[in-house]
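This report concerns only the one structure given below.
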Amino acid sequence: MILIKLGGSVITDKSEYQKFNRDTVARLADEIHRSGQRVIIVHGAGSFGHVLAKKHSIQDGYASDDQIPAAARIMSDTRKLSSMVVEELLAHGIPAVSVAPGSCFVMEDGRLIVDNEEPVRRLEGIGIMPVMFGDVVTDRRKGFAIVSGDQCMEVLCRMFNPEKVVFVSDIDGLYTADPKTDPKARLIGEVTRKKLAETSTDETVADVTGGVRSKMEAMLRMTDGGRRCYLVNGNAPNRLYSLLKGETVTCTMAKGGME
Ligand code: IPE
């Protein structure tokens with residue numbers, strides 16, 4: 001089985017509140033179906049989550065009652081997005097159902113706790129793909145918190161032990177700097193623990209460094225036991241399909257584990 005995250009930057013236009021990239025999602029659903037692989041899909045929230053979450057500081061947890069309507073609105077928006085993603089999966093022959101992470105996970109001070117995994121396991125067991133997503137969930141200390149699609153990926157990876165993990169994004173892979181703004185940015189073809197240690201903080205511009213490092217760490221954490229983890233561009237037609245078929249494509253590949 002292959003665990004796939006469809007990033008919010010590819011399934012939505014992150015700069016426009018609630019802009020769903022239906023054609024891209026339809027194409028990716030077709031690529032996944034044609035690959036013939038059994039998969040589990042997670043998706044990001046994109047502009048259905050980040051815009052309001054930022055505006056109302058949802059990531060910091062409960063601070064005032066003013067945030068409550070916004071937290072509820074985001075949960076409604078992410079469900080709307082998820083049902084549009086699932087519609088495309090169904091339309092392309094993939095039996096799937098949206099499962100809100102808050103229905104089986106709870107957080108404790110930002111740490112994700114798996115509360116009830118049985119329904120997700122059983123859905124997968126009968127061949128209905130549970131689709132999780134980045135969302136607002138309850139937190140025992142903070143009232144509420146944001147669970148990212150990446151955190152869902154790590155939990156599902158431990159639960160299902162997939163043979164491969166794939167992050168689908170709007171860039172060709174991880175870069176040493178932001179390729180959209182820095183012409184000296186280089187694609188990092190392979191990520192290992194050694195490479196992570198060598199990635200110097202002055203090699204990249206301030207906040208991009210943190211982003212690249214933490215993504216490398218998250219990818220590496222999912223490569224224990226010989227598993228490979230890929231970051232691939234979902235805007236390039238057939239790249240996901242080729243990767244799922246085991247072909248060599250332009251991407252970043254992490255391997256070797258964190259130990
Ligand atoms: C974010 O999830 C969740 C919310 C903002 C509610 P992700 O972090 O997984 O979403 P993307 O992929 O960056 O859009």
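Counting starts at 1 for both ligands and their atoms, following the listed order. All values below were derived from every heavy atom in this structure, side-chain atoms included, with hydrogens, water molecules and symmetry-related copies excluded. Residue indices begin at 1 and follow the sequence shown.
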### Query
Quick one: does Y62's side chain get under 4.5 Å of D139's, heavy atoms only?
no
### Query
Less than 3.5 Å between some nitrogen or oxygen of G8 and one of ligand 1, yes or no?
yes
### Message
If the cut-off is 4.0 Å to any non-hydrogen atom of A45, which atoms of ligand 1 fall inside it?
### Response
1 (C), 2 (O), 3 (C), 4 (C), 10 (O), 11 (P), 14 (O)
### Whether F133 and H43 hold their rings parallel, tilted or perpendicular, with breakpoints at 30° and 60°
parallel
### ligand 1 N/O within reach of H50 N/O, cut-off under 3.5 Å
yes
### Query
Would you say G46 and ligand 1 have an N/O pair spaced under 3.5 Å apart?
yes
### Query
K5 near ligand 1, heavy-atom distance under 4.0 Å?
yes
### Task
Could you tell me which atoms of ligand 1, counted from 1 in the order shown, lie closer than 4.0 angstrom to a heavy atom of D135?
3 (C), 6 (C)
### Message
Can you confirm if the NZ or CZ of K215 lies within 45° of the ring axis of F167 and under 6.0 Å from the centre of its six-membered ring?
### Response
yes
### Message
Please tell me whether L243 and L6 are part of a single hydrophobic cluster in this structure, the criterion being side-chain heavy atoms less than 4.5 Å apart.
### Response
yes
### Task
Return yes or no for this condition: an N or O of K14 is under 3.5 Å from an N or O of ligand 1.
yes
### Message
Among all protein heavy atoms in this structure, tell me which lies nearest to atom 2 (O) of ligand 1, with the distance rounded to 0.1 Å.
### Response
G134 CA, 3.5 Å
### Members sharing V106's hydrophobic cluster (side chains within less than 4.5 Å)
I113
### G44: numbered ligand 1 atoms lying under 4.0 Å from its heavy atoms
9 (O), 10 (O), 11 (P), 12 (O)
### Task
State plainly whether the residues K142 and D60 are in salt-bridge range, i.e. N to O under 4.0 Å.
no
### Task
Check whether any N or O atom of G149, backbone or side chain, sits under 3.5 Å from an N or O atom of ligand 1, and answer yes or no.
yes
### Message
Checking C157 against E154 for the side chain to side chain contact (heavy atoms under 4.5 Å, CB included) test, could you report, in this order, the C-alpha distance in whole Å, the side-chain angles of both residues, the deciding distance, and whether it holds?
### Response
CA-CA 5 Å; C157 189; E154 290 198 48; 5.5 Å; no
### Query
Roughly how far apart are K5 NZ and C229 SG, rounded to 0.5 Å?
11.5 Å
### Task
Taking only heavy atoms of S148 into account, list the atoms of ligand 1 that are under 4.0 Å away from them.
2 (O), 8 (O), 9 (O)
